[in-house]
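A quick write-up on the structure given underneath.
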Amino acid sequence: MQMLTEEFLSPIWLSVQIALLSGIVAILFGTTIGFWMARTSFKGKMIVETLLMMPLVLPPTVVGFLLLVIFGKHSVMGSAIEWIFHQPVIFTWWAAVIASTIVAFPLMYQSAKAGFSTIESDIEDAAKVDGAHSFQVFAYITVPLALPSLISGAVLSFARALGEFGATLMFAGNIPGKTQTLPTAIYVAIDSGRMELAWAWTICIVILSFFMLLAVRSKK
């Protein structure tokens, strides 16, 4: 019974941990880049925006394959990580975080950019005239005005990271207690004919996703 409980809870706990850290990273980068892209104009901006949104439309297996190429042992990035940490990043907990962050980032970026784009520059300029410096304007005026969009992006990013399957399976593997998340655990349970366990995990992720989407809807 205890082994069954541990087997059931382990993917849930791992999924929540990975999704939380991935969501935080996606929020930081998505908000920063979204703000910058909303306020700047440069040649080739459309191409850059398209590249930033690519993980949203690429098949997860393609994302996973590209991550394997970028972080593989024979790549510059992979060799550098192995030299610094004395182990490859592939098939580790951090690989699952990286994969989830990559697929969650576009949702946060798009929401943040949309939120910042709706703010009238006159409001921020008025604050600067009154003596506020750039960080104060951003923290006390820009972010509060864009907060509904930022919250929506954060929740959707977390939900996307929680449900990530293809890229995680290819890049992080399916190691119980280490990289086995809810989606991969459900896949293995179905493949091995353990339908009751698959149903239990499915109900958990459906409930989590439902309440996250409900939270987004309540902010509109």
>> Testing the basics here: between Val16 and Leu162, what is the closest heavy-atom pair and its distance to 0.1 Å?
In response: N-CD1, 4.2 Å

>> For a 4.5 angstrom cut-off between non-hydrogen side-chain atoms, does Leu107 reach Ser157?
In response: yes

> Mind checking whether Phe165 and Tyr187 have parallel, tilted or perpendicular rings, split at 30° and 60°?
Replying inline: tilted

> Measuring from Thr202:OG1 to Leu197:CG, what's the distance to the nearest 0.5 Å?
Replying inline: 9.0 Å

Report, one line per pair, each donor and acceptor closer than 3.5 Å where one atom sits in a side chain of residues 49-61; sequence neighbours left out.
unit_1 : atom_1 : unit_2 : atom_2 : d
Glu49  : OE2    : Tyr109 : OH     : 3.0
Glu49  : OE2    : Lys113 : NZ     : 3.1
Thr50  : OG1    : Met46  : O      : 2.7

> Of the non-hydrogen atoms in Gly72 and Ile90, which two are nearest, and what is the gap between them?
Replying inline: CA-CD1, 3.7 Å

>> Check the orientation of Phe8 and Trp201. Use parallel for under 30°, tilted for 30 to 60°, and perpendicular for over 60°.
In response: parallel

> Hey, does Leu67 have a side-chain heavy atom less than 4.5 Å from the side chain of Met170?
Replying inline: no

> Looking only at heavy atoms, what is the nearest atom pair of Met108 and Gly153, with distance?
Replying inline: SD-C, 3.4 Å

>> If you count heavy atoms of other groups shown closer than 6.0 angstrom to CZ of Phe42, is the number above 12?
In response: yes

> When rounded to the nearest 0.5 angstrom, what distance separates OG1 in Thr40 from CD1 in Ile33?
Replying inline: 11.0 Å

>> Tell me whether Ser79 contacts the main-chain N or O of Val76 through its side chain, where contact means a donor paired with an acceptor under 3.5 Å.
In response: no

>> Once salt bridge (charged side-chain N to carboxylate O under 4.0 Å, His left out) is applied, what residue pairs with a partner in residues 153-168 remain, sequence neighbours excluded?
In response: Arg160-Glu164

> Does Thr101 use its side chain to pair, donor to acceptor, with the backbone of Ala26 at less than 3.5 Å?
Replying inline: no

>> Is there a continuous path of hydrophobic side-chain contacts, each under 4.5 Å between heavy atoms, that joins Phe158 to Ile24?
In response: no

> Do the non-hydrogen side-chain atoms of Phe116 and Thr31 ever get within less than 4.5 Å of each other?
Replying inline: yes

> In terms of hydrophobic clustering (I, L, V, M, F, W, Y; side-chain heavy atoms under 4.5 Å; direct or indirect links), are Val103 and Leu169 co-clustered?
Replying inline: no

>> On a heavy-atom basis, which atom in Pro144 and which in Ala139 lie closest, and how many Å separate them?
In response: CD-O, 3.4 Å

> Would you say the side-chain atoms of Thr184 pair up with the backbone N or O of Gln180, donor to acceptor, closer than 3.5 Å?
Replying inline: no

> Can you name the residues that form a side chain to side chain donor-acceptor pair (under 3.5 Å) with Thr142, not counting sequence neighbours?
Replying inline: Glu124

>> Using a 3.5 Å distance criterion without hydrogens, assess whether the side chain of Thr179 forms a donor-acceptor pair with backbone atoms of Trp93.
In response: no

> Given the rule that I, L, V, M, F, W and Y join up when any side-chain heavy atoms are under 4.5 Å apart, are Trp94 and Trp13 in one cluster?
Replying inline: no

> Counting distance only, does the side-chain N/O of Ser15 pair as donor-acceptor with the main-chain N or O of Leu182 below 3.5 Å?
Replying inline: yes

> Near Lys45 NZ, under 6.0 Å, is it more than 12 heavy atoms from other residues, nucleotides or ligands?
Replying inline: yes

> Would you say Leu28 and Phe35 are hydrophobically clustered, going by side-chain heavy atoms of ILVMFWY under 4.5 Å?
Replying inline: no

>> Are Val89 and Ile175 linked, directly or through intermediate hydrophobic residues, by side-chain heavy-atom contacts shorter than 4.5 Å (ILVMFWY only)?
In response: yes

> Between Phe171 and Ala95, which heavy-atom pair has the shortest distance, and what is it?
Replying inline: CD2-O, 3.3 Å

>> Donor-acceptor pair, distance only, cut-off 3.5 Å: does the side chain of Ser209 make one with the backbone of Val206?
In response: no

> Closest heavy-atom contact between Leu14 and Gly177?
Replying inline: CD1-C, 3.6 Å

> When rounded to the nearest 0.5 angstrom, what is the spacing between CD1 in Ile70 and CD1 in Ile102?
Replying inline: 7.5 Å

>> Is any side-chain heavy atom of Thr181 closer than 4.5 Å to one of Ile12?
In response: no

> Could you give the distance from CG (Leu145) to OG1 (Thr118), rounded to the nearest 0.5 Å?
Replying inline: 8.0 Å

> Got more than 12 heavy atoms from elsewhere within 6.0 Å of CZ, Phe138?
Replying inline: yes

> Are the side chains of Ser100 and Thr168 in touch, meaning some heavy atoms are under 4.5 Å apart?
Replying inline: yes

